[in-house]
Amino acid sequence: KAVVSTQSTGESEDKSKTSTSSIVDSSSSNPTDPVAEEKSESKPPEQLEIVSRDLFTKLSTYLQAELSGTKDTYALLEELNTLAIDQYTNLSHSTSQIKDSLHDLDVKYKLLLPYLEQLNQLDVSVASLEQATLRLDAYTKVLESKFKKLEKR
């Protein structure tokens, strides 16, 4: 950008004072550049005020954009945290339900344990009875064969 200013002091004054022009290039406003400092020092107060206002306006816009971005980032983080809290709450509730169900199953198992032991004892007794019936059946067959032999005689 270039800012051009012309001041006229009147016809009676000499030509060098009649018209003063200065051209300021905003890209050369590097604070460490001595030429830029010289140019800024030679500016009239009105131009300095305009350039300063422009600088502060642009700086304000930049900072507002940065703060807006940061605000949006924190809003997103807050939303993510809220979703994570909801998810962990649901997981906690599910875990609590599973724990309660396991406790109920454990209580029912302990109540059924005497009956399961009776079933095991009954199974052992049935197996013993089955062995006895097989031996009895074998003995009966032996007796039957002896009886048939005696009958034939």
Peer 1: Under the salt bridge (charged side-chain N to carboxylate O under 4.0 Å, His left out) definition, can you give me all pairs with a residue in residues 63-78, not counting sequence neighbours?
Peer 2: none
Peer 1: Only counting residues at least two apart or in another chain, list the ones meeting side chain to side chain contact (heavy atoms under 4.5 Å, CB included) with Y109.
Peer 2: L113, L116
Peer 1: What residues form a side chain to side chain contact (heavy atoms under 4.5 Å, CB included) with Y115, not counting sequence neighbours?
Peer 2: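 Only L112, Q118 meet the side chain to side chain contact (heavy atoms under 4.5 Å, CB included) criterion with Y115.
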Peer 1: To the nearest 0.5 Å, how far apart are CD1 in I98 and CG in L91?
Peer 2: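 Going from CD1 on I98 over to CG on L91, the span is 9.5 Å.
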Peer 1: May I ask you to list the residues sharing a hydrophobic cluster with L134, side-chain cutoff 4.5 Å, ordered by chain and number?
Peer 2: none
Peer 1: Suppose clustering is done on Ile, Leu, Val, Met, Phe, Trp and Tyr with side-chain heavy atoms closer than 4.5 Å. Which residues sit in the same group as L150?
Peer 2: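 None, because no other hydrophobic side chain comes under 4.5 Å of this residue.
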Peer 1: With a cutoff of under 4.5 Å between side-chain heavy atoms, which Ile, Leu, Val, Met, Phe, Trp and Tyr residues group with Y62?
Peer 2: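 L59, L63, all in the cluster of Y62.
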Peer 1: Which side-chain hydrogen bond (donor to acceptor under 3.5 Å, both in side chains) pairs, counting each pair once, include a residue from residues 80-96, with sequence neighbours left out?
Peer 2: H93-Q97
Peer 1: Is a donor on one side and an acceptor on the other found under 3.5 Å between the side chain of S128 and the backbone of V124?
Peer 2: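 No; judged by distance alone, with no hydrogens or angles, the pair does not exist.
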Peer 1: Name all residues meeting the salt bridge (Lys or Arg N to Asp or Glu O under 4.0 Å) criterion together with K110; count only those two or more places apart in sequence or in a different chain, and write none if there are none.
Peer 2: D106
Peer 1: Apply salt bridge (Lys or Arg N to Asp or Glu O under 4.0 Å) to K58 and D54, showing your working.
Peer 2: CA-CA 6 Å; K58 289 178 180 177; D54 186 43; 3.3 Å; yes
Peer 1: Running the 4.5 Å side-chain criterion over Ile, Leu, Val, Met, Phe, Trp and Tyr, what cluster does L136 land in, apart from itself?
Peer 2: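 Members besides L136: none; it forms no cluster.
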Peer 1: In chain order, what residues pass the side chain to side chain contact (heavy atoms under 4.5 Å, CB included) check against V107, with sequence neighbours excluded?
Peer 2: H103, L111
Peer 1: Sorted by first residue and then second, give each side-chain hydrogen bond (donor to acceptor under 3.5 Å, both in side chains) pair with at least one member in residues 134-150; sequence neighbours left out.
Peer 2: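 Counting only pairs at least two positions apart or across chains, no side-chain hydrogen bond (donor to acceptor under 3.5 Å, both in side chains) contact touches residues 134-150.
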